[in-house]
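I have placed the structure first, in the form of structure tokens, so that the comments after it can refer back to it.
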Number of protein chains: 4
Amino acid sequence: MTPQPKAARRSQTSRQAILNAALDLVGEVGYARLSIEGIAARAGAGKQTIYRWWPSKGAVLFDALMMLTEGEDQEAAELPDTGDLEADLKTVLRATVDELNEPRYSEPMRALAVEILVDPVLAADFTERVDQPMKELKLRRLRKAQEARQLAPEIDLDVAVELIWGPLRSRWLHREGPLTHEYADTIVETVLNGLRG
Amino acid sequence: MTPQPKAARRSQTSRQAILNAALDLVGEVGYARLSIEGIAARAGAGKQTIYRWWPSKGAVLFDALMMLTEGEDQEAAELPDTGDLEADLKTVLRATVDELNEPRYSEPMRALAVEILVDPVLAADFTERVDQPMKELKLRRLRKAQEARQLAPEIDLDVAVELIWGPLRSRWLHREGPLTHEYADTIVETVLNGLRG
Amino acid sequence: MTPQPKAARRSQTSRQAILNAALDLVGEVGYARLSIEGIAARAGAGKQTIYRWWPSKGAVLFDALMMLTEGEDQEAAELPDTGDLEADLKTVLRATVDELNEPRYSEPMRALAVEILVDPVLAADFTERVDQPMKELKLRRLRKAQEARQLAPEIDLDVAVELIWGPLRSRWLHREGPLTHEYADTIVETVLNGLRG
Amino acid sequence: MTPQPKAARRSQTSRQAILNAALDLVGEVGYARLSIEGIAARAGAGKQTIYRWWPSKGAVLFDALMMLTEGEDQEAAELPDTGDLEADLKTVLRATVDELNEPRYSEPMRALAVEILVDPVLAADFTERVDQPMKELKLRRLRKAQEARQLAPEIDLDVAVELIWGPLRSRWLHREGPLTHEYADTIVETVLNGLRG
DNA sequence: CGGTAACCGAGACGGTACGTCCGGTCTTGAT
DNA sequence: ATCAAGACCGGACGTACCGTCTCGGTTACCG
């Protein structure tokens, strides 16, 4: 999270220990029973060290999850573009489905997603570091599709993003049904073709 | 919530005072700082009286909100059906938009919606008393549309419900943009016609 | 200490456990390292239970020491009066010397005496429950001596109390020398006869 | 305090700033809330600089108070000796009364006196630098009085010092009554003449 | 119609965690 | 080597609530 003190003297050892402890604990006891006190104890750190650098337990967990995905960001600098929008979207959504079915990451991520609904600071951070960049990628891909006449010209691409990626996120967040490749495919097809068929 | 003890001797005075206190407090301090202790104090009730009849503060707030909407349920026993699916859906979504823009009800409702993501007991209760009945209404209307060839026959109606009502709920829950009548209309049109146009 | 809540529902079990824990701990680690947290843990009590009934760790220890001396108070309802003031005072001071040489009680008592110098609430309580009654006893004995012409009529009895009992307390509090029966005798004799002899 | 490192490179600027900060703060918040951290911050010094040269906050305050009284020590190299012991003692005790009624110095001094009761290192330092020299002065004066037959020959001069100067210190330390010139006179007279008169 | 059992208010209790303060140690870079 | 600055681990603070547990007082049903 955005640190108030100058981060120069920050101990990387402590930082790592804290993030690892947070990940371990959230796996063991779940987000609700995760506590800053517990993280500090597990990490062998003072509580103040956590409060100095993070504003909430959600922020710690966020950084911990970001640490896990470090390095992956660069490779996926662009969404796939084979020229076939429908196929490409299915590829992307199926990959997301696979990620979300990985409980090791998915459960803390769900907890974090919920926390974001409730904590504006965390929400801003998430938007800036994750949501916004991802949305740019999506918009870029859709824009090319629109230029290639695979999307109607009057479509608002922001709405398109919501329609394509929203259903998956909703099912995941609300646990409203199983996340399968078939479901991903259905969403893509239906959204592209419309309900009238 | 479904009471465990025989509800015979239950004091309606207390129940009302508790629900009102919960509503007042959630408006004053927000859901995060709402506490059972606070509700009891405000209501002039003992803590035990709350613990006897509700399993969590979320459950109290849920009942409190249900109390507010009592009576409305019957009138809307069916979604409008003028024969024009698109127009009917716009009517329904616009009405929802209006409700969600009422902060007096919307804010506690959001808090409750978030709690539901995290508390399975509450989730089950919500499904049974609100979500399930609402979904039946929606499915019934869509089924008639499908029979009238206004929806493609191969459409899975569960998916259709997600696509039509999901975006609005998502925008609301994630505060991802303004909820307007125009937005409602756009969603309905786009989902019905598909992105390809 | 003077309790704010109505003491009716107070748990005597907890009270005993807390006072015993305080005594044990002060013996083990000393007053400086005595902590309310530690007392609560040792007593198997919640911290709030201590904070509810006592304003400070000094107050807890005070009550604990008072508990130890309970029952003794009544028997010593009057200082000895054989008619020989000097002998009686020596008896009393020698007894005090013996008490103060008992480290089991003396060490916590010293710590408490120091705390009293610094905490006005504790000081008021000590005055009311210990100091004031003791002083009455002393004054009563001296008044009888003055009536019996064993003390000069112009002597201010408050000053006399200070001169007789002060030196012992000072030596004890400041650890300024050994406390012996001889010392007690010397003080009594010198104060009664004066330095000029 | 006696510095452990070789004091060669010691910054006098820092020393002054720290002692002044300590005095200021003890006046503003009292001894209990005085902290080394606070002193360092107020002095614009690092905490380490304090820990390097003083073993405790009491030691800092002690040095600070010594700094205030620097220069006075030499002039009073001897207690007054007009040949009239009673008059001389009254002079000395009255002067002490005046000092102790100066709250600017008296309050921190009281705090320090209390700390000395509890901290053996501080106590040793105080004895060496203040108490012992003062006692020598007192003993010297009393010895001359004893030689001049103004004190009985069998009097233990250590006890005499306790009896003469003790009551004043006790009243001051325990806040047991007002400190006045009359009180000083009464003590001197009563102790010299004895309670029997 | 009187007894009794559940309810109710009040709030004490053992706990857990909070967020803060400060102690005493340590590291860094500047003088 | 000392200094200002301040991060670090750790212990304790005093507070807020949790969920459980008496305690009397009051209904309201049932024998």
Side-chain angles (χ1 to χ4, degrees), chain A residues 3 5-11 13-15 17 33-41 43-53 55-57, chain B residues 5-11 13-15 17-18 33-41 43-53 55-57, chain C residues 3 5-11 13-15 17 33-41 43-53 55-57, chain D residues 5-11 13-15 17-18 33-41 43-53 55-57:
Chain A
K6 41 181 155 178
R9 305 235 181 283
R10 182 166 191 179
S11 156
T13 314
S14 295
R15 198 185 113 97
R33 287 203 254 228
L34 183 66
S35 69
I36 290 194
E37 198 139 299
I39 297 172
K47 286 204 286 178
Q48 204 64 269
T49 303
I50 298 183
Y51 283 110
R52 186 154 33 229
W53 301 110
S56 64
K57 70 170 176 173
Chain B
K6 37 182 159 177
R9 300 191 190 282
R10 180 166 190 178
S11 155
T13 315
S14 294
R15 199 186 111 96
I18 288 164
R33 292 208 276 212
L34 183 67
S35 70
I36 290 195
E37 204 142 286
I39 296 171
K47 283 165 57 169
Q48 201 60 264
T49 304
I50 299 183
Y51 283 109
R52 189 162 21 238
W53 302 109
S56 64
K57 70 168 174 173
Chain C
K6 41 181 155 178
R9 305 234 180 283
R10 182 165 189 181
S11 156
T13 314
S14 295
R15 198 186 112 97
R33 286 202 254 228
L34 183 65
S35 69
I36 290 194
E37 197 138 302
I39 296 172
K47 286 203 287 177
Q48 205 61 268
T49 302
I50 299 183
Y51 283 110
R52 183 153 37 228
W53 301 108
S56 63
K57 70 169 174 172
Chain D
K6 38 181 158 179
R9 300 193 188 277
R10 180 167 191 179
S11 155
T13 316
S14 292
R15 200 186 110 96
I18 288 164
R33 292 207 277 210
L34 183 67
S35 69
I36 291 195
E37 205 144 284
I39 296 171
K47 283 165 60 171
Q48 200 59 264
T49 304
I50 298 183
Y51 282 109
R52 188 160 23 235
W53 301 109
S56 64
K57 70 169 175 173

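As the structure is a computational prediction, the values presented were derived from the model and not from experiment. Letters A, B, ... mirror the listed sequences (proteins, then strands); counts begin at 1.
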Atom pair CD1/CD1 of D:Ile36 and D:Ile18 - distance to nearest 0.5 Å: 10.0 Å
In Å, rounded to the nearest 0.5 Å, how long is the span from NZ of C:Lys57 to CD1 of C:Ile39? 8.0 Å
For D:Ala17, check side chain to side chain contact (heavy atoms under 4.5 Å, CB included) against everything at least two apart and list the hits. D:Ala43
side-chain N/O D:Ser11 vs F:dT2 OP1/OP2, d < 4.0 Å: no
Calculate the interatomic distance between D:Arg52 atom CZ and F:dA5 atom P; express it in whole Å. 14 Å
Between F:dA28 atom C1' and B:Arg10 atom CZ, what is the distance in whole Å? 17 Å
side-chain hydrogen bond (donor to acceptor under 3.5 Å, both in side chains) with B:Glu37: which residues, sequence neighbours excluded? B:Lys47
Going 5' to 3' through nucleotides 17-26 of chain F, assign each nucleotide B (protein heavy atom under 4.0 Å from a base atom), S (under 4.0 Å only from sugar-phosphate atoms) or - (no protein heavy atom that close). BBBBB-BS--
All heavy atoms of A:Ser14 vs all of A:Thr49, minimum pair found to be CB-CG2, 4.3 Å
In whole angstrom, give the distance that lies between atom CD1 of D:Ile50 and atom P of F:dA5. 12 Å
Can you tell me the distance, in whole Å, between the CD1 atom of D:Ile18 and the C1' atom of F:dA4? 11 Å
5'-most by nearest nucleotide on DNA chain F - D:Ala43 or A:Gly46: D:Ala43
Flag the pair A:Arg15 / A:Trp53 as yes when at least one side-chain heavy-atom distance between them is below 4.5 Å, and no otherwise. no
Among F:dC3, F:dC8, E:dC13, the one nearest A:Ser14 by side-chain distance: F:dC8
Without decimals, in angstroms, what is the distance between C:Ile39 CD1 and E:dG14 C1'? 16 Å
Hey, is the side chain of C:Trp53 poking within less than 4.0 Å of OP1 or OP2 on E:dG11, counting only N and O atoms? no
